[in-house]
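Side chains are part of it too, since the values below use all heavy atoms of this structure and drop only hydrogens, waters and symmetry mates. In what follows, chains carry the letters A, B, and so on, assigned in the order in which the sequence lines appear, proteins first and then strands, with residues in each chain numbered from 1.
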Number of protein chains: 2
Amino acid sequence: MPNPPTIKEIARKLNLSASTVSRALHNHPRIGLKTRLQVQALARELQYEPNQTAIFFQQKKTFTLGIVLPELSEAFFSAAISGIEDTANKSNYMVLLGQSHDDATREEKIVGIMKNHRVDGLLVSLAKNTVNYAHFEMLRKYNIPVVFFDRIPDMQHIHYVAANMESGTVQAVALLLQQGHRVIGMINGPEKLIASRQRTTGYRTAMQQQRLKYDATLNLPTDLTREGTRQAMQQLLSHKRKVTAIVAFNDYVSQDAVQYALEQGLQINKDICFVSYANLPLSSYMAFPPMASVEQYPYQQGQQATAILLDILSGKLPQDDYQQLTIDSRLVMAPGR
Amino acid sequence: MPNPPTIKEIARKLNLSASTVSRALHNHPRIGLKTRLQVQALARELQYEPNQTAIFFQQKKTFTLGIVLPELSEAFFSAAISGIEDTANKSNYMVLLGQSHDDATREEKIVGIMKNHRVDGLLVSLAKNTVNYAHFEMLRKYNIPVVFFDRIPDMQHIHYVAANMESGTVQAVALLLQQGHRVIGMINGPEKLIASRQRTTGYRTAMQQQRLKYDATLNLPTDLTREGTRQAMQQLLSHKRKVTAIVAFNDYVSQDAVQYALEQGLQINKDICFVSYANLPLSSYMAFPPMASVEQYPYQQGQQATAILLDILSGKLPQDDYQQLTIDSRLVMAPGR
DNA sequence: AAAATTTGCGCAATCGTTTGTGCAGCCATA
DNA sequence: TATGGCTGCACAAACGATTGCGCAAATTTT
């Protein structure tokens, strides 16, 4: 009922000016010890808490980071956001959330609202169909820095953090080679995706390291739909060379591929092995988990992206010193194998 | 570089007062058509956007909801938050996020920060070890309404939304009975949990409906640890009556129980059947998914809780008309069975 | 034509906090 | 004793928008 106490109130009760009270609370050296203690005592007594909205307004700073990402309920993103929130909180920043649901229009709207809320900075993972980046360009005018993570735009001067699939892929293929597999299929994603190209590069590198020839007909691009996976599987299983192992684009693809193999009467881990890229939690609970997974460290990506953003905000990093950080992915063996 | 345009700037350029510009932009009837159009035209040209922080400050309203929950990366919560965000966004509210990591101290700190950020309202799912509710009581002084969801405190005058496990449990047990099972074990949670008691009640009700006797020795409370589950399983499997079906507290418990059963040489869905409460995504990918799951509708819980909060904020609901909404859980058959 | 009403706009306060500046009184140094 | 430098505080502006009130001019009513 009674409004929260303000600096003015404290000032009135102590016959001081608001400025003195403010300085006293901030331990300004020019305020005498006596008054300082008086003020602080009364502040405690009244349970004074500064009105942040006033401070935000006055300082043109909100200590708030905006996060825009496609879908919270995807395990990858909820892990990333967890890293973001933890890192932000350590620096007393709060986190404002918006999901685009992979819709570019919604994304644009959210970015607009966040801009109006005057977030200090933005962390963004793009919606699938975002092709127009005007709403991000606009943020420069408002001096709101953006750090992209995971799904990054095809732009020049941006900060970003992303996982590099190449390293993990090299390790994955190397593992399979080491286990004696010689004909390894890869169910890849759309060729325009950086992530797909990185997988291809990783595949080639691993083969070269063993002085083996890279066979492009074993690396199939798909649209990542269930049907696409099944078609790719069909092609691979009818390949003139006998495919004994498969690298799947992600766990969902892997599951569909496994299912197709089962339908064809193949025995998993005997006739054919699977390696995937981790994006399902608890893959240990899966019926036929891949024997290994390339981990993309979503939590760490969130952490790093936030750390960069905070460094920019604190002035440690100049705005135009574009940070482009790739986190190496890494092969992780399935538990219990 | 140039600061975003303000109302004052527009006023200066048109030789008007700030108040006139403000009213013109809001289509105030007392502003002449000519000036109104002039103002709006210039605003568009300068790409004027109101400074929300100023408005927040002035109106003592931030159009922001705070969310405090234990762990973002848990599927249940990320689904809930998705519902919250969607609902909030429809009313042009933003969502400020904080995870307690199931730590009461952290929860308290987050609530404090959110209060200082002057969120309009709070949505809270409690940390496990929260016993002191002082930080929530304090919010009343600040007139910040709170709606709890799922993990609700043991307090009198609060708003909350929670799933009632009873209905789903009745259905689960009824299903097992219908399939001919007569000795049904239940691996329950700590007895002090409301959710555990609801499961017990549901179990009893289902038995009574078939005029069967309820056997308390088949309903075992556990601490929900892996070891607790295994001990319960041991007790159940050595029960004097032959247990042919088990209701597990949740999917994690279910998995552990299944594993134990397998170790004992039992065949799942033949020697023994499992029913659980859904909290793992993609349970269809699990090795031995429960044949059915009690769905708790996290997304809907989030929606409903947010709707209540928004109604309170808009004045549609009086603060002290305490909404206590329970969403009935419901049994969902596993896909493909 | 005088009175009443409406129209169109400006003035000024307000929200709570921070911060540059000014001004006493005090002490110390020359 | 005059000069200078501290010390301790108050004054006032500023951030950007909203809003009650007032006042003149234009319009309508009587």
Which residues in residues 13-26 of chain B have a heavy atom closer than 4.0 Å to any atom of DNA chain D?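 B/Ser19, B/Ser22, B/Arg23, B/His26 - these, ordered by number, are the residues of the stretch whose heavy atoms sit under 4.0 Å from the strand.
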
May I ask you to check whether B/His117 and A/Phe63 place their ring centers less than 6.0 Å from one another?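 Between B/His117 and A/Phe63, the centre distance exceeds or equals 6.0 Å.
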
Under a 4.0 Å N-O cut-off, is there an ion pair linking B/Lys109 with B/Asp103?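 So B/Lys109 does not pair with B/Asp103 through a salt bridge.
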
Using a strict cut-off of less than 4.0 Å between a Lys/Arg side-chain nitrogen and an Asp/Glu carboxylate oxygen, indicate whether A/Asp86 and B/Arg106 qualify as a salt bridge. yes

Side chains of B/Asn27 and B/Gln40: donor-acceptor distance under 3.5 Å anywhere? yes

Could you tell me whether the side chains of A/His101 and A/Glu71 share a donor-acceptor contact shorter than 3.5 Å?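 There is such a pair between these side chains.
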
Heavy-atom nearest nucleotide on DNA chain C for A/Ile55 versus B/Thr35: which residue maps closer to 5'?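 Looking at DNA chain C, the more 5' nearest nucleotide goes with B/Thr35.
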
Could you state the [atom1]-[atom2] distance from [X] to [N], rounded to the nearest angstrom?
X	N	atom1	atom2	answer
B/Arg30	C/dT5	CZ	P	14 Å
A/Asn27	C/dT18	CG	C1'	16 Å
A/His28	C/dT19	NE2	C1'	8 Å
B/Arg36	C/dT7	CZ	P	12 Å
A/Gln58	C/dT14	CD	C1'	16 Å

Outermost nucleotides of DNA chain D that come under 4.0 Å of a non-hydrogen atom of chain A: D/dT7 to D/dG16

Above 12 or not: heavy atoms from other molecules or residues under 6.0 Å from [atom1] of [X]?
X	atom1	result
A/Lys316	NZ	no
A/Asp154	CG	no
B/Lys61	NZ	yes

OP1 or OP2 of C/dC15 less than 4.0 angstrom from a side-chain nitrogen or oxygen of A/Lys8, does that happen here? yes

Would you mind classifying the nucleic acid contact of A/Lys60 as base, sugar-phosphate or nothing, using non-hydrogen atoms under 4.0 angstrom? sugar-phosphate

Name the nucleic acid region contacted by B/Phe56, choosing base, sugar-phosphate or nothing; use a 4.0 angstrom heavy-atom cut-off, strictly under. nothing

Taking five pairs at each end, how big is the angle between the two axes of the helix from C/dA1-D/dT30 to C/dA30-D/dT1, to 10°? 50°

Which of these, B/Tyr160, B/Phe136, B/Tyr322, sits in a ring-ring contact (aromatic ring centres under 6.0 Å, His included) with B/Phe148? B/Phe136

For the atom pair CG (A/Asp120) and CZ (A/Phe56), what is the distance rounded to the nearest 0.5 Å? 8.5 Å

Face-to-face contact A/Phe57 to C/dT17 six-ring, under 5.5 Å, under 30°: no

Among B/Thr64, B/Ile67, B/Thr87, B/Asn89, whose side-chain contact (heavy atoms from CB on, under 4.5 Å) with B/Val95 holds?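 Among B/Thr64, B/Ile67, B/Thr87, B/Asn89, the one meeting side-chain contact (heavy atoms from CB on, under 4.5 Å) with B/Val95 is B/Ile67.
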
